[in-house]
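Structure, as structure tokens:
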Amino acid sequence: MRVLLVGAGGVGTAVTRIAARRPFFELMVVADYDPARAEAAVTALGADGDRFRAERVDAGDEAQVTALLERHGCDVLLNATDPRFVMPLFRAARAGGATYLDMAMSLSRPHGERPYEECGVKLGDEQFAQGAEWEAAGLLALVGMGVEPGLSDVFARYAADELFDEIEEIGVRDGANLTVDGYDFAPSFSIWTTIEECLNPPVVYEKDRGWYTTEPFSEPEVFDFPEGIGPVECVNVEHEEVLLVPRRVDARRVTFKYGLGREFTDTLRTLHLLGLDRTEPVTVPGPDGPVKVSPRDVVAACLPDPATLGDRMHGKTCAGTWVRGTKDGAPREVYLYHVVDNQWSMSEYGCQAVVWQTAVNPVVALELLATGAWSGAGVLGPEAFPAGPFLDLLTAYGSPWGLREQ
């Protein structure tokens with residue numbers, strides 16, 4: 001396997017550090033718009049970096065990405081950029097005859113008249129619209145293969161296959177007790193992506209109704225997270241699992257709720273009220289005349305890079321899937337989860353917990369594809385594949401998962 005990794009930020013760098021310890025691939029080309037970031041990711045591997053190469057690439061330039069795939073003979077493209085670049089990279093992989101993986105899917109657009117009732121363009125719609133072309137070509141696009149979406153979808157598949165006869169509800173629940181020294185507000189993941197998913201209308205799936213939307217931060221509940229994290233208030237947030245899981249797993253209801261905390265949601269609401277969540281450029285004065293800038297890009301530039309916060313971060317992050325249904329005629333309720341302690345991920349890999357937890361899952365998926373344990377054609381989510389091999393290999397990577405009867 002020869003892999004083109006596009007994006008050498010926090011998650012991309014974590015991918016290289018995890019993959020460097022595994023023998024399943026021949027070459028990984030690390031490409032970024034900023035060549036210094038790509039070089040830094042490779043150089044940091046030291047003696048383990050023999051199978052890695054650094055390159056510069058514009059993720060929005062499909063022809064340039066396809067040419068890079070061909071120049072290095074890469075048969076897989078792993079997208080570790082933000083969701084704005086999903087479609088150009090998706091199309092470039094198809095043009096280059098490569099398998100494609102991402103951790104976030106093509107962007108949504110709210111319904112023009114009833115944004116908090118009906119779906120407009122859903123997450124992943126643009127990718128699934130091309131599914132027949134990928135299948136006809138015998139190529140695989142494995143979409144949403146991070147931690148959430150990704151591992152959470154694998155948990156849903158495992159629950160359906162191994163733990164339940166009938167499923168009433170699948171609810172992805174994400175929470176943490178992470179703190180960052182010296183910052184009152186320091187998101188542990190890309191603020192650009194955080195704003196996108198938290199301020200868009202959340203999507204809920206019900207079998208008798210299909211997909212529909214609600215208002216941001218709706219249906220608050222307190223969920224008790226394992227391994228000392230404890231109770232955290234969780235709210236509805238737009239996320240890919242709700243669009244992915246019902247395609248392959250029979251459940252009457254699917255939701256995603258994120259443990260943001262009241263202060264975080266209040267900050268996001270303020271950004272929205274001020275229009276600072278907008279991506280459309282606005283004109284502002286500059287020393288050399290008017291300049292057009294995206295308000296959301298300004299917010300991102302004013303905050304610390306999440307990848308650099310590991311040394312100041314304390315606590316744990318938990319990703320998991322809560323499932324309620326019946327087994328052998330009796331009610332059952334479980335929470336399948338994966339916890340990463342920031343102290344462990346920093347000491348073991350030099351990566352903060354949230355980006356490491358996101359990065360480990362596509363590396364596990366790459367290894368399963370390389371060995372043939374996972375295979376397929378078309379545009380497929382993680383729930384389309386057998387869960388057992390994935391969960392076994394994740395444990396073999398030194399990061400076991402857990403199951404709690406509720």
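Just so it is clear, the structure is predicted and the values come from calculations on it, not from any experiment. Residues take their numbers from the sequence shown, with the count starting at 1. Basis for what follows: all heavy atoms, side chains included, without hydrogens, waters or symmetry-related copies.
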Query raised in the report: Hey, does Ile18 have a side-chain heavy atom less than 4.5 Å from the side chain of Thr16?
Result: no

Report task. Would you please test Trp134 and Phe90 for ring-ring contact (aromatic ring centres under 6.0 Å, His included) and show each step? Result -> CA-CA 11 Å; Trp134 282 77; Phe90 180 79; 4.9 Å; yes

Report task. Check whether the side chains of His338 and Gln357 place a donor and an acceptor atom closer than 3.5 Å, and report yes or no. Result -> yes

Query raised in the report: What distance do Thr13 atom OG1 and Leu5 atom CG have between them, rounded to the nearest 0.5 Å?
Result: 8.5 Å

Report task. Would you check if there is a donor-acceptor pair between the side chains of Ser218 and Asn236 at a distance under 3.5 Å? Result -> yes

Query raised in the report: What do the steps show when you test Met105 against Asp102 for side chain to side chain contact (heavy atoms under 4.5 Å, CB included), and what is the final call?
Result: CA-CA 7 Å; Met105 297 172 66; Asp102 63 28; 4.2 Å; yes

Query raised in the report: Among Val249, Val334, Thr326, which one satisfies side chain to side chain contact (heavy atoms under 4.5 Å, CB included) with Phe164?
Result: Val334

Query raised in the report: If you measure from the Lys or Arg side-chain nitrogens to the Asp or Glu carboxylate oxygens, is any gap between Arg84 and Asp297 under 4.0 Å?
Result: yes

Query raised in the report: Is the number of heavy atoms from other residues, nucleotides or ligands under 6.0 Å of Arg262 CZ greater than 12?
Result: no

Report task. Please tell me if the side chains of Leu380 and Val143 come closer than 4.5 Å, counting only heavy atoms from C-beta onward. Result -> no

Query raised in the report: What's the spacing between Leu403 CG and Thr321 OG1 if we round to 0.5 Å?
Result: 11.0 Å

Query - Arg253 bridged to Glu169 by N-O distance under 4.0 Å - result: yes

Query raised in the report: Quick one: does Phe256's side chain get under 4.5 Å of Ser152's, heavy atoms only?
Result: no

Query - side chain to side chain contact (heavy atoms under 4.5 Å, CB included) evaluation trace for Thr317 with Val339 - result: CA-CA 6 Å; Thr317 184; Val339 172; over 6 Å; no

Report task. Compare all side-chain heavy atoms of Tyr100 with those of Val379 and state whether any distance is below 4.5 angstrom. Result -> no

Requested in this report: Please check if the side chain of Arg332 supplies one atom and the backbone of Gly329 the other of a donor-acceptor pair under 3.5 Å.
Outcome: no

Query raised in the report: Does a side chain donor of either His314 or Asn177 reach within less than 3.5 Å of an acceptor in the other side chain?
Result: no

Query raised in the report: Is the number of heavy atoms from other residues, nucleotides or ligands within 6.0 Å of CD (Glu263) greater than 12?
Result: no

Requested in this report: Supply the atom-to-atom distance Ile167 CD1 to Arg324 CZ, rounded to the nearest 0.5 angstrom.
Outcome: 11.0 Å

Query - Closest non-hydrogen atom pair between Ala8 and Asp32, with its separation - result: N-OD2, 2.7 Å

Query raised in the report: Tyr205 ring centre to Arg247 NZ or CZ under 6.0 Å, with the angle to the axis within 45°?
Result: no

Query raised in the report: So, is the end of the Arg21 side chain (NZ or CZ) under 6.0 Å from the ring centre of Tyr349 and within 45° of the ring's axis?
Result: yes

Query raised in the report: Should the ring pair Phe385 and Trp374 be called parallel, tilted or perpendicular, given that the plane angle runs from 0 to 90° and is split at 30 and 60?
Result: parallel

**Report entry** NZ/NE/NH1/NH2 to OD/OE distance under 4.0 Å, Arg56 and Asp34
**Finding:** no

Query - Glu55 and Val30, any side-chain heavy atoms less than 4.5 Å apart - result: no

Query - Smallest separation among heavy atoms of Glu62 and Pro88, with atom names - result: CG-O, 3.3 Å

Query - ring-ring contact (aromatic ring centres under 6.0 Å, His included) partner of Tyr335, chosen from Trp401, Phe223, Phe155, Trp322 - result: Phe223

Query raised in the report: Between Thr358 and Met103, does a side chain to side chain contact (heavy atoms under 4.5 Å, CB included) hold up when you go through it step by step?
Result: CA-CA 8 Å; Thr358 303; Met103 291 163 266; 3.9 Å; yes

**Report entry** Gap separating the CD atom of Glu162 from the CG atom of Leu391, nearest 0.5 angstrom
**Finding:** 9.5 Å

**Report entry** Any side-chain donor near an acceptor of the partner, Tyr397 and Glu367, under 3.5 Å
**Finding:** yes

Query raised in the report: Would you say the side-chain atoms of Thr213 pair up with the backbone N or O of Pro115, donor to acceptor, closer than 3.5 Å?
Result: yes

Query raised in the report: Nearest heavy-atom pair of Leu142 and Ala365: which atoms, and what distance?
Result: CD2-CB, 4.1 Å

Query raised in the report: Checking Trp356 side chain against Val11 main chain: does a donor-acceptor pair fall under 3.5 Å?
Result: no

Report summary line: On a heavy-atom basis, the closest approach of Gln352 and Ser345 is C-OG, 3.6 Å

Query raised in the report: Does the ring centre of Tyr337 sit less than 6.0 Å away from the ring centre of Phe225?
Result: no

Query - side chain to side chain contact (heavy atoms under 4.5 Å, CB included) evaluation trace for Val65 with Leu77 - result: CA-CA 9 Å; Val65 174; Leu77 190 159; 3.6 Å; yes

**Report entry** Close side-chain approach of Lys316 and Leu178, heavy atoms under 4.5 Å
**Finding:** no

Report task. Decide if atom CD of Gln343 counts as having more than 12 heavy atoms of other residues, nucleotides or ligands within a radius under 6.0 Å. Result -> no

Requested in this report: Measure across Asp125 and Lys122 and return the closest heavy-atom pair with its distance rounded to 0.1 Å.
Outcome: OD2-N, 2.8 Å

Query raised in the report: Centre of Tyr212's six-membered ring, under 6.0 Å away, within 45 degrees of the axis: is that where NZ or CZ of Arg209 sits?
Result: yes

Query - Asp161 side chain vs Pro386 backbone, donor-acceptor pair below 3.5 Å - result: no

Query - Minimum heavy-atom distance between Leu368 and Leu393, given as atom pair plus value - result: CD2-CD2, 3.9 Å

Report task. Check for a donor-acceptor pair, side chain of His111 on one end and backbone N or O of Glu113 on the other, with a separation under 3.5 Å. Result -> yes

Report task. Assess whether salt bridge (charged side-chain N to carboxylate O under 4.0 Å, His left out) is satisfied between Asp153 and Arg157, documenting all intermediate values. Result -> CA-CA 6 Å; Asp153 304 62; Arg157 175 82 271 158; over 6 Å; no

Query raised in the report: Do Val232 and Val222 come within less than 4.5 Å of each other through their side chains, counting heavy atoms only?
Result: no

Residues 271-279, side-chain donor-acceptor partners within the protein, below 3.5 Å, at least two apart:
unit_1, atom_1, unit_2, atom_2, d
His272, ND1, Asp277, OD2, 2.9

Query raised in the report: Which distance, rounded to the nearest 0.5 Å, do you find between the CZ of Arg109 and the CD of Glu126?
Result: 6.0 Å

Requested in this report: Please identify each residue that fulfils salt bridge (Lys or Arg N to Asp or Glu O under 4.0 Å) with Glu166, with sequence neighbours left out.
Outcome: Arg252

Report task. Run the salt-bridge test on Glu238 and Lys257 with the 4.0 Å N-O cut-off and return the result as yes or no. Result -> no

Requested in this report: Decide whether Arg173 and Thr255 meet the rule of one side-chain donor and one side-chain acceptor closer than 3.5 Å.
Outcome: yes

Report task. Indicate yes or no: at least one non-hydrogen side-chain atom of Leu369 is less than 4.5 angstrom from one of Leu101. Result -> yes

Report task. Answer yes or no on whether Arg2 is positioned over the face of Phe25, meaning its NZ or CZ is under 6.0 Å from the six-membered ring centre and within 45° of the axis. Result -> no

Query - Chi angles and distances behind the salt bridge (charged side-chain N to carboxylate O under 4.0 Å, His left out) call for Asp48, Arg17 - result: CA-CA 9 Å; Asp48 293 328; Arg17 295 178 184 182; over 6 Å; no

Query raised in the report: Which distance, rounded to the nearest 0.5 Å, do you find between the CG of Asn200 and the OG of Ser108?
Result: 4.0 Å

